[in-house]
Amino acid sequence: MVEMVHAQSPEGIDPKPRIAWLLRNLPYDQLHYSRLRLRHPAGIYSLSLGRLANRFRTVLDELDSVRTKYETGAELPELGVLIDRHESLLYALAEHLDDCKNILRSFFTSNKIANKNCSVRDFASRAANYRNRVGEIVNAIKHRTGRLCGVMMHHEELFVPGYFVESAIDARIVGPDPNLHNDGDTAISLYRDLKLHFVHLYLLGQHLENAVFEIWSSPLEPKPPELGKEPLDLLDLARRLRLLPDVVYFDERLLAYPRIRILRANDGRNEVRFSYEQPEQPLRTFGKYQLRAAFQGDGFTDTFKLPYFRTGWQRDFTGA
């Protein structure tokens with residue numbers, strides 16, 4: 001799998017997904033968002049991006065604090081605040097997917113007609129894998145008493161925080177959700193996860209743009225804001241995320257990896273390039289490590305399963 005997309009903007013303007021500027025040129029009187037009691041699609045998308053930028057920023061701020069404490073402190077840092085903020089980000093990502101769906105519905109006189117449209121269905125198909133990844137985590141929390149639990153893998157200078165969704169494994173045991181964590185044996189590393197979600201924000205924007213162009217029959221040009229009217233939020237996030245170490249947990253070393261590149265064109269444009277593809281070589285991971293994990297006790301269950309503790313679990317991923 002190889003997916004690539006890039007975002008360009010004039011100097012001083014945030015390189016958002018281009019769909020953000022295209023939606024601003026849609027006329028009020030030819031859309032049907034009022035039947036859904038929604039804002040104009042440009043407003044929906046702008047609010048959604050703003051909420052996501054804020055959630056990414058709060059996670060990265062706390063992650064910086066945690067990494068500094070690990071590097072300078074005698075004790076291992078606590079991950080509670082970091083994991084709570086990441087959970088809020090995951091909820092915002094699930095809402096963003098719904099926002100994209102509502103933007104497409106705004107072009108039609110009824111949801112029934114929208115759902116039958118081939119461009120709407122194509123968007124849903126292209127977004128399905130990512131929607132399932134985010135949706136399975138959020139639904140486990142909302143509907144199966146799942147909880148996000150922090151985990152950290154470390155050895156000397158290497159430190160990678162992460163999380164798993166704790167849920168009931170059987171009648172007596174709780175631990176990493178078997179449906180999300182390879183039968184309950186693994187967790188999710190945070191450096192890769194944050195980059196993955198940010199890259200998919202732009203990939204979803206590209207899929208949404210393609211669907212809008214197919215649905216809208218008239219010419220549509222991007223309409224960026226005036227210079228200096230909006231902060232460079234996404235460019236700043238791209239810079240911070242790009243600097244996170246490319247270190248993953250052992251079971252993730254052969255998975256498709258999200259990458260971010262920032263370029264400066266000769267004409268002063270900011271350009272951010274994103275890719276999500278299989279690595280040519282296994283990614284950097286741990287040989288030796290120590291593991292620390294947290295649990296959300298319920299006051300009753302007294303048997304807990306830890307990720308990466310089953311004897312021989314690595315053999316399941318040597319040829320993945």
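In this structure Arg126 satisfies the side chain to side chain contact (heavy atoms under 4.5 Å, CB included) test together with Asp122, His207, sequence neighbours excluded. Listed by chain and number, the residues in a side chain to side chain donor-acceptor pair (under 3.5 Å) with Glu230 are Lys16 (sequence neighbours excluded). Partners of Ser167 according to the side chain to side chain contact (heavy atoms under 4.5 Å, CB included) rule, which considers only residues two or more places apart in sequence or in another chain, are Asp177, Pro178. In terms of the salt bridge (charged side-chain N to carboxylate O under 4.0 Å, His left out) criterion, Glu136 has no residue partners (sequence neighbours excluded). Partners of Asp233 by side chain to side chain donor-acceptor pair (under 3.5 Å), not counting sequence neighbours, listed by chain and number: Arg57. With sequence neighbours excluded, no residue forms a side chain to side chain donor-acceptor pair (under 3.5 Å) with Arg85. For Glu166, there are no side chain to side chain donor-acceptor pair (under 3.5 Å) partners, not counting sequence neighbours. Among residues two or more places apart in sequence or in another chain, the side chain to side chain contact (heavy atoms under 4.5 Å, CB included) test is passed with Glu209 by Arg18, Ile19, Leu22, Gln206, Phe213. Every residue meeting the side chain to side chain contact (heavy atoms under 4.5 Å, CB included) condition with Ala187, not counting sequence neighbours, appears here in chain and number order: Val151, Phe164, Tyr249, Pro307, Tyr308.
Aromatic ring centroids of Tyr130 and His197 lie under 6.0 Å apart. Between His32 and Phe107, the distance separating the two ring centers is not shorter than 6.0 angstrom.
Residues in residues 105-117 take part in these side-chain hydrogen bond (donor to acceptor under 3.5 Å, both in side chains) pairs, two or more places apart or across chains: Arg35-Asn111.
Under a 4.5 Å side-chain heavy-atom criterion applied to ILVMFWY residues, the cluster that includes Leu283 comprises Val248, Tyr257 as well.
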Name each donor-acceptor pair under 3.5 Å that joins a side chain in residues 69-82 to protein atoms two or more places apart or in another chain, with its distance.
from  : atom 1 : to     : atom 2 : distance (Å)
Tyr70 : OH     : Glu156 : O      : 2.8
Thr72 : OG1    : Thr68  : O      : 2.7
Glu78 : OE2    : Arg292 : NH2    : 2.7

